[in-house]
Amino acid sequence: MEGFRLWPGALDAEAQSQLVQAVFGALGTAPLYRPQTPGGRPFSVQMSNLGPLGWVSDRGGYRYQPTHPVTGQAWPAIPQMLLDLWAATVGGKRAPDACLVNLYRDGAKMGLHQDRDEADLTAPVLSISLGDAAQFRIADGEGRTRTLRLTSGDVCALTGSARLARHGIDRVLEGSSRLIPGGGRLNLTLRIAR
DNA sequence: CAGTACCA
DNA sequence: TGCA
């Protein structure tokens, strides 16, 4: 599918553990929390953010905001490693200003959705998979979907015609990796929100 | 100004 | 984000 780009194993074991360490360190000041959909139902994933802007959802809808909805504090910085990874993969003039952190544990999943809360819907979205492998599903323009397995260290991007593709995580293969303290799958999504 | 990454 |  045009515009969906995958870099299998882009991150080696050392880079993966450095990244997990950096993100878990940042979660000390921006703790994971469980948001609600606008309809008031809880997400199964736990979320936090890094960077000037973070994606949040609550009864007020979806949006990007500069502060953590529970603590009121600014989100921690995006680690340089991730900015470098963005430059090395999707590149472009602008650096990402938002990094959504999603932790999948205990059967957490993510229904099919579009990323469309960004000001410029032509700027790429870059996703980094860490920890347990997962079944990722992405739809084409006709609504046909294809499933692929994302494993720890894989990096993928939604660009061009796939930028607005519906996608989601059907299931996580629990226990398939020992990378994440406490287990699970950690997904980092870099975006240009504004 | 309708719906939302939730749920079936 | 209040649903008028």
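Because the structure is a prediction, the values reported are computed rather than measured. Every heavy atom of this structure was used, including side-chain atoms; hydrogens, water molecules and symmetry mates were not. We name chains A, B, ... by the order of the sequence lines, and we start the count at 1 in each one.
In this structure, the ring-ring contact (aromatic ring centres under 6.0 Å, His included) partners of Trp75(A), at least two apart in sequence or on a different chain, are His68(A). With sequence neighbours excluded, the residues that form a salt bridge (charged side-chain N to carboxylate O under 4.0 Å, His left out) with Asp115(A) are Arg191(A). In this structure, Thr37(A) has no side-chain hydrogen bond (donor to acceptor under 3.5 Å, both in side chains) partners at least two apart in sequence or on a different chain. By the side-chain hydrogen bond (donor to acceptor under 3.5 Å, both in side chains) test, Ser177(A) pairs with no residue at all, sequence neighbours left out.
With respect to Val90(A), the side chain to side chain contact (heavy atoms under 4.5 Å, CB included) criterion is satisfied by exactly one of Thr159(A), Val125(A), Val155(A): Thr159(A).
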What do the steps show when you test Thr122(A) against Arg163(A) for side chain to side chain donor-acceptor pair (under 3.5 Å), and what is the final call? CA-CA 7 Å; Thr122(A) 69; Arg163(A) 174 60 179 78; over 6 Å; no

Let me see the working for Thr89(A) and Arg5(A) under side-chain contact (heavy atoms from CB on, under 4.5 Å), right down to the final yes or no. CA-CA 9 Å; Thr89(A) 50; Arg5(A) 303 181 65 190; over 6 Å; no

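Atom CZ of Arg59(A) is separated from atom P of dC3(C) by 11 Å (rounded to the nearest Å). The separation between Asp115(A) atom CG and dA5(B) atom C1' is 9 Å, rounded to whole Å. If you take CZ of Arg116(A) and C1' of dA2(B), they are 12 Å apart, rounded to a whole angstrom. Computed from coordinates, the Arg166(A) CZ to dA5(B) P distance equals 9 Å when rounded to whole Å. The nearest whole Å value for the distance from the CG atom in Asn49(A) to the P atom in dA5(B) is 17 Å. We find that CG of Asp58(A) is positioned 13 Å from C1' of dA5(B), with the value rounded to whole Å. Atom CH2 of Trp55(A) and atom P of dT4(B) are 13 Å apart (whole Å). At whole-Å resolution of the value, CG in Leu100(A) and C1' in dA5(B) are 10 Å apart.
A stem is defined here as three or more consecutive Watson-Crick or G-U pairs, each with both distances under 3.5 Å; DNA chain C has none.
The shortest non-hydrogen separation linking Ser152(A) to Gly131(A) is OG-N, 2.9 Å. The shortest heavy-atom contact between Trp55(A) and Phe43(A) is CH2-CZ, 4.1 Å.
Rounded to a whole angstrom, the distance from the P atom of dA4(C) to that of dG3(B) is 12 Å. Comparing the P positions of dT4(B) and dA8(B) gives a spacing of 15 Å, expressed to the nearest Å.
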Tabulated below should be each protein N or O lying under 3.5 Å from an N or O of nucleotides 6-8 of chain B; please produce it.
residue, atom, partner, partner atom, Å
dC6(B), OP1, Gly111(A), N, 3.4
dC6(B), OP2, Gly111(A), N, 2.6

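Nucleic acid contact for Asp117(A): base, since at least one base atom lies under 4.0 Å from a heavy atom of the residue.
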